[in-house]
Amino acid sequence: QVQLVESGGGSVQAGGSLRLSCQASGGTYTRYCMGWFRRAPGKEREMVASNNGGSNISYYSDSVKGRFTIFQDNAKNTLSLQMNSLKSEDTAMYSCAAGPRSISSVCPSDFRWYIDWGQGTQVTVSS
């Protein structure tokens, strides 16, 4: 089991940037699928980005592609999400998640694949 703790959320104006961090402990981090999910009020949870700890191949949802970057530092057991050019529609609770190794080079985007979750960090973007 992996323990996950997020940090770095906050409030920012549209066009600004934030960097989220997720500290992982308690597991063999490099063998996991790691992902960032978000959930806005009244909306379903969606995957924002994922990284395969083994292949280091990343995936981004269309809504954030080109603006967000996921980075996994195996030496520090951290997963980061650099968010640039933020929009009001990026406002949500962001959560870090870890799931088992995937036979696919890209980790699944279905939240049900992921077993361990952090408590979440709020991101609010004002226009």
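Note: hydrogens, waters and symmetry copies are ignored here, and every other heavy atom, side chains too, is used. Bear in mind that the values here come from a model prediction, so they are computed numbers and not experimental data.
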Please check if F111 and V106 belong to a single hydrophobic cluster, counting links between Ile, Leu, Val, Met, Phe, Trp and Tyr side chain heavy atoms closer than 4.5 Å. yes
Looking at every heavy atom in both N74 and G53, which two are closest together, and how far apart are they? ND2-O, 4.2 Å
Drop me the distance from R67's CZ to S85's OG, to the nearest 0.5 angstrom. 7.0 Å
Do S80 and C22 have side-chain heavy atoms sitting under 4.5 Å apart? no
Are any of the side-chain nitrogens in D62 or K65 under 4.0 Å away from the carboxylate oxygens of its partner? yes
My understanding is that only residues two or more places apart in sequence, or in another chain, count here; which of them pass side chain to side chain donor-acceptor pair (under 3.5 Å) with R45? none
Distance in Å, L81 CG paired with Q72 CD, rounded so as to fall on 0.5 Å steps: 12.5 Å
About how many Å separate CH2 of W36 and OG of S50, when rounded to the nearest 0.5 Å? 13.0 Å
Taking all non-hydrogen atoms of both residues, which atom of W113 and which atom of P100 are closest, and how far apart? NE1-O, 3.0 Å
With ring-ring contact (aromatic ring centres under 6.0 Å, His included) as the rule and sequence neighbours excluded, what pairs involving residues 38-69 come up? none
side-chain hydrogen bond (donor to acceptor under 3.5 Å, both in side chains) contacts touching residues 93-109 (sequence neighbours left out): R38-Y94
Are D73 and T78 linked by a side-chain donor-acceptor pair shorter than 3.5 Å? no
Looking at residues at least two apart in the chain, or sitting in another chain, which of them share a ring pair (Phe, Tyr, Trp, His ring centres under 6.0 Å) with F37? Y114, W117
Let me confirm one number: the CD1-CG distance from I70 to N56, rounded to the nearest 0.5 Å. 9.5 Å
Taking only residues two or more places apart in sequence, or in another chain, which ones meet D116 in a salt bridge (charged side-chain N to carboxylate O under 4.0 Å, His left out)? none
Euclidean distance, M34 CE relative to F71 CZ, rounded to 0.5 Å: 13.0 Å
Please identify which of these residues, Q122, Q119, Q23, meets the side-chain contact (heavy atoms from CB on, under 4.5 Å) condition with E6. Q119
Verify, without hydrogens or angle tests, whether T121 (side chain) and G9 (backbone) share a donor-acceptor contact under 3.5 angstrom. yes
Working to the nearest 0.5 Å, report the span between OG of S63 and CE of M47. 12.0 Å
Heavy-atom closest pair, residues Q1 and Q3: O-NE2, 3.8 Å
Which atom pairs, donor and acceptor, lie under 3.5 Å between side-chain atoms of residues 12-20 and protein residues at least two apart or in another chain?
| from | atom 1 | to | atom 2 | distance (Å) |
| --- | --- | --- | --- | --- |
| S17 | OG | N84 | OD1 | 2.9 |
| R19 | NH1 | Q82 | OE1 | 3.2 |

